[in-house]
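Below, each value reflects all heavy atoms present in this structure, side chains not excepted, and no hydrogens, waters or symmetry copies.
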Amino acid sequence: MLAQCRARDDDRNASRKPDTMTNKGHWATLSAYARGRTSVFASRLDQRMSYCCYIPASYTETGDRRYPLAVLVHGSLRDATGLRDQFIDFAEAAQCALLAPLFPCGIVEPGDLHNYKRMLYEGIRYDRVLLDMIAEIGETYRLHTDRVLMHGFSGGGQFAHRFLYLHPERLMGVSIGAPGVVTLPDPDKPWWVGTGGLEAIFGRRLDLDAMRKVPVEMVVGAQDVETWDVTVKPSSPNWMEGVNDTGKTRIDRLRSLERAFLAQGISVRFDVVPDVEHAGGLVQEPVKAFFSDVLTGRGLARSP
């Protein structure tokens, strides 16, 4: 648990004295490994899951400044630390902390890749796991955890827009990157093709008024047109009637999601990155610009 991460006598930095004015060595209560690019910590709610953070260099143990928080949700390859590292420049420029959860493959069902993307899998509520991670680090650092920024690409984009359906009040802004499968805000279609049965399954109703208050970005590469990992076949355990109706490519499907949002009065900033295929690391500049605009008040979504 992060709050219990302390210096140990056998630590390689044990000879350093705690320094509450710099980021060198251990502090009185925070280990050097719980600052800057942190180690990977097990979730206190479910230790099968874990997370890492980035804490800006200006953070001090004795200060009173509170920092905004951006949550970065990995795709199917689960490179949470790499995703975290790719946003460090933004974190320092915006003075914003980062949280990157790690939801491993194969929990309960060996070989499964998709668990977290659907929010509920084999009794695990991945949205609640993430919310508790946010609460956990909020008890360790001075952060604004009531509302956070969120970005996810590919599988993370699936997670991000479904999290918006369940918890719009917890989002300061959300960036939805190139999801292979989308859930439309349509109560006449069953979850997770649509939002039918949302309250029965999750105990949460679809709050369109709250969603309209959340700045939304959708982002995709202009050449993200491969379909081999997008089309769901009837033989797949992820098959549902209507799952492929939103389009052939990720671009098509994201545009379908955009149209559905606009029809509900939810404003969308749609960014297409030229000459980019399905590569999350190459679409991040507009995401960082979107986050910066939200933090400075320029990215607020408004109902038409």
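Using modelled atom types, one finds no donor on one side chain facing an acceptor on the other under 3.5 Å when comparing Arg84 with Thr81. For the 3.5 Å distance criterion, the side chains of Ser76 and Lys117 qualify, holding a donor opposite an acceptor. Using modelled atom types and a 3.5 Å distance limit, the side chains of Gln158 and Tyr116 yield no donor-acceptor pair.
Looking at heavy atoms from C-beta onward, Val276 lies out of side-chain contact with Asp224 at the 4.5 angstrom threshold. Annotation: side chain of Leu171 is in contact with side chain of Val148 (closest heavy-atom distance under 4.5 Å). Side-chain atoms of Leu99 and Leu130, non-hydrogen and from C-beta on, do get closer than 4.5 Å to each other. Using a 4.5 Å heavy-atom cutoff, the side chains of Ile107 and Met49 are in contact. Within the 4.5 Å cutoff, the side chain of Val214 has heavy atoms near those of the Leu164 side chain. Residues Met119 and Leu166 are in side-chain contact: their nearest non-hydrogen atoms beyond the backbone lie under 4.5 Å apart. By the 4.5 Å heavy-atom criterion applied to side chains, Val216 and Phe290 are not counted as neighbours. Between Ile124 and Asn115 the shortest side-chain heavy-atom distance does not fall below 4.5 Å.
Within 6.0 Å of atom CD in Glu241, 12 or fewer heavy atoms from other residues, nucleotides or ligands are found, so the atom counts as exposed in its surroundings. Within 6.0 Å of the NZ atom in Lys288, the count of heavy atoms belonging to other residues, nucleotides or ligands exceeds 12. Around CZ of Arg205, the count of heavy atoms belonging to other residues, nucleotides or ligands within 6.0 Å does not exceed 12. The number of heavy-atom neighbours closer than 6.0 Å to CD of Glu169, taken from other residues, nucleotides and ligands shown, is above 12.
Arg142 places a side-chain N or O within 3.5 Å of a backbone atom of Arg65 that can act as its donor or acceptor partner. Under the 3.5 Å distance criterion, the side-chain polar atoms of Thr296 are matched with a main-chain donor or acceptor of Ser292. Of the possible polar contacts, none joining the Ser154 side chain to the Gly156 backbone as a donor-acceptor pair under 3.5 Å is found. Judged by distance alone, with hydrogens and angles left aside, the side-chain atoms of His151 form no donor-acceptor pair with the main-chain N or O of Ile176 at under 3.5 Å. Checking side-chain atoms of Glu61 against main-chain N and O of Trp27 turns up no donor-acceptor pair under 3.5 Å. Looking only at distances, a side-chain donor or acceptor of Asn244 sits under 3.5 Å from a matching main-chain atom of Val232. Looking at His114, its side chain never comes within 3.5 Å of a backbone N or O of Cys105 through a donor-acceptor pair. The backbone N or O of Gly180 lies less than 3.5 Å from a partner atom in the side chain of Arg253, making a donor-acceptor pair. Looking at Thr145, its side chain never comes within 3.5 Å of a backbone N or O of Ala135 through a donor-acceptor pair. In this structure a side-chain-to-backbone donor-acceptor pair under 3.5 Å is missing from Arg35 to Thr60.
Contact record, Ile134 with Leu69: CG2-CD2, 4.1 Å, taken as the closest heavy-atom pair. Minimum interatomic distance between Asp207 and Pro168 (heavy atoms only, all atoms of both residues): O-CG, 4.3 Å. The nearest pair of heavy atoms linking Thr38 to Cys53 is OG1-N, 2.8 Å. The shortest heavy-atom contact between Pro286 and Glu217 is O-OE2, 3.3 Å. Of all non-hydrogen atoms in Ala70 and Cys96, the two that sit nearest each other are N-SG, 3.6 Å. Smallest separation of non-hydrogen atoms from Ser43 and Val129: OG-CG1, 4.2 Å.
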Output, in order, the C-alpha distance, side-chain angles, deciding distance and verdict of side-chain contact (heavy atoms from CB on, under 4.5 Å) for Arg212 and Gln264. CA-CA 8 Å; Arg212 294 182 187 109; Gln264 296 292 348; 4.3 Å; yes
For the pair Phe291 and Ser175, evaluate side-chain contact (heavy atoms from CB on, under 4.5 Å) and give the outcome as yes or no after the intermediate values. CA-CA 8 Å; Phe291 278 179; Ser175 169; 4.3 Å; yes
Could you go step by step and tell me if Leu149 and Val71 meet the side-chain contact (heavy atoms from CB on, under 4.5 Å) rule? CA-CA 6 Å; Leu149 297 167; Val71 176; over 6 Å; no
Can you check side-chain contact (heavy atoms from CB on, under 4.5 Å) on Asp79 and His74, steps first, answer last? CA-CA 6 Å; Asp79 186 10; His74 59 66; 5.9 Å; no
Please evaluate residues Asp229 and Arg250 with respect to the criterion salt bridge (Lys or Arg N to Asp or Glu O under 4.0 Å), reporting the C-alpha separation (whole Å), side-chain torsions for both, the decisive distance (0.1 Å), and the verdict. CA-CA 10 Å; Asp229 198 29; Arg250 287 182 170 86; 3.8 Å; yes
Would you please test Tyr51 and Glu136 for side chain to side chain donor-acceptor pair (under 3.5 Å) and show each step? CA-CA 11 Å; Tyr51 64 87; Glu136 181 176 352; 3.1 Å; yes
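One distance of note links OH of Tyr54 with CG of Leu98; it measures 8.0 Å at 0.5 Å rounding. To the nearest 0.5 Å, the span separating CZ on Arg125 from CG on Leu131 amounts to 9.0 Å. Trp192 contributes atom CH2, which lies 12.0 Å from atom CD1 of Ile201 (distance to the nearest 0.5 angstrom). Rounding to the nearest 0.5 angstrom, the gap separating the CD atom in Gln95 from the CD atom in Glu92 is 5.5 Å. Summarising the geometry, atom OG1 belonging to Thr246 is positioned 8.5 Å from atom CG belonging to Leu257; distances are rounded to the nearest 0.5 Å. The structure places CG of Asp271 at 11.5 Å from CD of Glu285, a figure rounded to the nearest 0.5 Å.
With respect to the salt-bridge test (charged N to carboxylate O, under 4.0 angstrom), the residues Arg118 and Asp127 do not qualify. The pair Glu226-Lys248 does not count as a salt bridge, with every side-chain nitrogen at least 4.0 angstrom from each carboxylate oxygen. Comment: Asp85 engages Arg37 in a salt bridge, judged by a side-chain N to carboxylate O separation of less than 4.0 angstrom. Taking a cutoff of 4.0 Å between a charged side-chain nitrogen and a carboxylate oxygen, Glu258 and Arg269 do not qualify as a salt bridge. Between Asp252 and Arg255 there is no salt bridge, since none of the side-chain N atoms of the basic residue sits less than 4.0 Å from a carboxylate O of the acidic one. Contact check on Asp132 versus Arg44 returns a salt bridge, with a Lys/Arg side-chain nitrogen under 4.0 Å from an Asp/Glu carboxylate oxygen.
Below 30°, between 30° and 60°, or above 60°: for Trp191 and Phe202 the angle between ring planes is above 60°, a perpendicular geometry. Ring orientation note: the planes of His161 and Tyr165 are nearly perpendicular, at an angle over 60° on the 30°/60° scale.
Follow the hydrophobic side-chain contacts under 4.5 Å out from Leu83 and you never reach Leu113; the two are in separate clusters. Connection of Leu208 to Val268 is established within a shared hydrophobic cluster, with ILVMFWY side chains joined at heavy-atom distances below 4.5 Å, either directly or through further cluster members. Cluster membership for Phe87 and Leu282, using ILVMFWY side-chain heavy atoms within less than 4.5 angstrom, is shared. Follow the hydrophobic side-chain contacts under 4.5 Å out from Leu102 and you never reach Ile137; the two are in separate clusters. Side-chain heavy atoms closer than 4.5 Å link hydrophobic residues (I, L, V, M, F, W, Y) into clusters, and following such links, possibly through other members, connects Trp239 to Val182.
Ring to ring, Phe153 and His278 are close: their centroids are under 6.0 angstrom apart. Taking the six-membered ring for Trp and the full ring otherwise, Tyr141 and Tyr67 have centroids separated by 6.0 Å or more.
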